[in-house]
Protein chains: 2
Amino acid sequence: MTPTITVSRWLDLLQSAGCRVTAPRRAIVELMVGTSRALGPIEVFDLGRAEHPGLGLVTVYRTLEKLEELGLIERVHLPDGCHRYLRTADGHQHLLLCTTCGLVQTFAGDDLDPLTGKVASDTGFAINEHWLQFFGTCPDCRKPISTLSES
Amino acid sequence: MTPTITVSRWLDLLQSAGCRVTAPRRAIVELMVGTSRALGPIEVFDLGRAEHPGLGLVTVYRTLEKLEELGLIERVHLPDGCHRYLRTADGHQHLLLCTTCGLVQTFAGDDLDPLTGKVASDTGFAINEHWLQFFGTCPDCRKPISTLSES
DNA sequence: CTTGTATTGAAAATGATTTTCAATTACAAT
DNA sequence: ATTGTAATTGAAAATCATTTTCAATACAAG
């Protein structure tokens, strides 16, 4: 699906959920659909103002919250304690994140269901979520600044 | 190693690092050594005041930071975005956390080194950290309140 | 085009964490 | 034991992220 079609789909889903389609929301949706980086609220705010200069930070928070409710984006947590938002991948994916620029790649990891079941029965916990995430530095961020390609 | 000996060892390590051993620090160290729950700063503050009533929240933050620097405790992140501190386990362990009370269990998961190497060479990332964590509800927190045992 | 209501952005409020600072205290050197 | 000094303390203020409040605005249904 092309980015343009995905943007329309997200806006339709917003409308189906009883929300209005407004310029600020459109700007934020375009951003989140178009990027392959995990973005924090301030980044969305800064990038969004390029599209829609009047955009307010409060609207960013509210829109991200709504997109998360709809399952279109999800929070990812980083080692430093910050969290950012990321377009939800199809199916449950394991994540590889660049801690410098936020670039995200997904990878097909091991199937954790058997391990989850074993740990649950060993411990008596009811397990309802897991994280398998790798963190590192992406190829671009590993390069010296002089040779950096545009993102 | 008994908890008492571990407390002494932590205090010795603090001193070796050029820090002074004070009553507030002793209270916080005893807490972190003695619990099997991941505790947030406010929890440490509240529990610590039982031991040392004058304890200030600022001191809690500073002491936890120092213990983390020394590698004696580590931050764990939770799905809701909060983070708590946990006595560092021997070797790298995978964690199972109760999202209700913070109880932590470690489990021997799959060895992720081969997968890490594969993902690194597939993507060109330099991978330097990973999380494999399960979240759920521990046996005690699953029980109705009337039958709760003391922790 | 009019109208009702969801949405907006600014400002204020909140909550977590950090910084500043004067008073205190551990502890090394007498 | 006493003392000097630098590390440490807790309170208050500052900072930063996030949420709430609210009056003005703008979407979309009729």
Side-chain angles (χ1 to χ4, degrees), chain A residues 7-8 10-31 38-70 73 75-85 102, chain B residues 7-8 10-31 38-70 73 75-85 102:
Chain A
V7 169
S8 308
W10 285 30
L11 295 175
D12 288 350
L13 286 169
L14 266 177
Q15 199 156 44
S16 308
C19 299
R20 290 177 181 172
V21 174
T22 63
R25 282 180 179 165
R26 202 185 312 266
I28 294 169
V29 164
E30 280 169 7
L31 248 169
L39 302 175
I42 300 291
E43 287 175 290
V44 173
F45 177 62
D46 288 338
L47 293 169
R49 284 161 82 90
E51 281 282 307
H52 182 78
L55 181 64
L57 183 56
V58 188
T59 301
V60 170
Y61 275 99
R62 285 189 284 225
T63 303
L64 291 174
E65 185 183 18
K66 194 139 283 175
L67 293 175
E68 190 187 12
E69 282 171 25
L70 294 174
I73 63 175
R75 280 178 185 225
V76 294
H77 301 266
L78 295 160
D80 66 4
C82 295
H83 59 263
R84 306 187 189 192
Y85 289 92
Chain B
V7 168
S8 308
W10 284 30
L11 295 175
D12 288 349
L13 287 169
L14 266 177
Q15 200 156 45
S16 308
C19 297
R20 291 178 180 172
V21 174
T22 64
R25 283 179 178 165
R26 202 185 311 269
I28 293 169
V29 165
E30 281 169 5
L31 249 167
L39 302 175
I42 300 291
E43 285 175 292
V44 173
F45 177 63
D46 288 337
L47 293 168
R49 283 162 84 89
E51 280 283 306
H52 182 79
L55 181 64
L57 183 54
V58 188
T59 301
V60 170
Y61 276 99
R62 286 188 282 225
T63 304
L64 291 174
E65 185 183 17
K66 193 139 283 176
L67 293 175
E68 190 187 13
E69 281 170 26
L70 293 175
I73 63 174
R75 281 176 184 227
V76 294
H77 302 267
L78 294 160
D80 66 6
C82 295
H83 60 262
R84 307 186 189 192
Y85 290 92

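Owing to the predicted nature of the structure, the values given are computational and were not obtained by experimental measurement. Side-chain atoms are counted along with the backbone in the values below, which use heavy atoms only and exclude waters and symmetry mates. Here is the naming used below: chain letters follow the sequence lines, and residue numbers restart at 1 for every chain.
Y61(A) has its OH atom 18 Å from the P atom of dT14(C), to the nearest Å. Rounded to whole Å, atom P of dA17(D) lies 12 Å from atom CZ of F45(A). Between the P atom of dT18(C) and the CD1 atom of I42(B) lies a distance of 12 Å, rounded to the nearest Å. Between the CZ atom of R26(B) and the C1' atom of dT25(C) there is a distance of 13 Å, given to the nearest Å. Here dA26(C) presents its P atom at 14 Å from CG of L11(B), a figure rounded to the nearest Å. At whole-Å resolution of the value, CG in D80(A) and P in dT17(C) are 13 Å apart. Distance CG (L57(B)) to P (dT19(C)): 14 Å, rounded to an integer number of Å. Residue R20(A) contributes atom CZ, which lies 11 Å from atom C1' of dT8(C) at whole-angstrom precision.
The only member of V21(A), V29(A), L70(A) that meets side chain to side chain contact (heavy atoms under 4.5 Å, CB included) when paired with W10(A) is V29(A). For the side chain to side chain contact (heavy atoms under 4.5 Å, CB included) with Y85(A), the qualifying choice from I28(A), I73(A), V60(A) is I73(A), the only one to do so.
R84(B) is not listed as a side-chain neighbour of R75(B), based on a closest heavy-atom distance of 4.5 Å or more. Side-chain contact check for K66(A) versus L14(A): some heavy-atom pair is nearer than 4.5 Å. For the pair L57(A) and I42(A), the minimum side-chain heavy-atom distance is below 4.5 Å.
Summarising the geometry, atom CD belonging to E51(B) is positioned 7.0 Å from atom CG belonging to L31(B); distances are rounded to the nearest 0.5 Å.
Summary for the helix from dC1(C)-dG30(D) to dT30(C)-dA1(D): the axes at its two ends, each from 5 pairs, differ by 40° when rounded to the nearest 10 degrees.
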*Report the C-alpha distance between L11(A) and R26(A) in whole Å, list the side-chain angles of each, state the deciding distance to 0.1 Å, and finish with yes or no for side-chain contact (heavy atoms from CB on, under 4.5 Å).*
CA-CA 7 Å; L11(A) 295 175; R26(A) 202 185 312 266; 3.9 Å; yes
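For the OP1/OP2 pair of dG9(C) and a distance below 4.0 Å, the side-chain nitrogens and oxygens of H52(A) include at least one atom meeting the criterion. Within the 4.0 Å cut-off from OP1 or OP2 of dT7(C), not a single side-chain nitrogen or oxygen of T59(A) is found.
Mapping Q15(B) and V58(B) onto DNA chain C by nearest heavy atom places V58(B) closer to the 5' end of the strand. Residues V21(B) and R49(B) each lie close to DNA chain D; by heavy-atom proximity, the contact nearer the 5' end of the strand is made by V21(B).
With hydrogens and angles ignored, no donor-acceptor pair under 3.5 angstrom links the side chain of R62(A) to the base of dT7(C).
Residue contacts shown for E65(B) are absent, as no nucleic acid heavy atom lies under 4.0 Å away.
Here the side chain of H83(B) is nearest to one of dT19(C), dT17(C), dT8(C), namely dT17(C).
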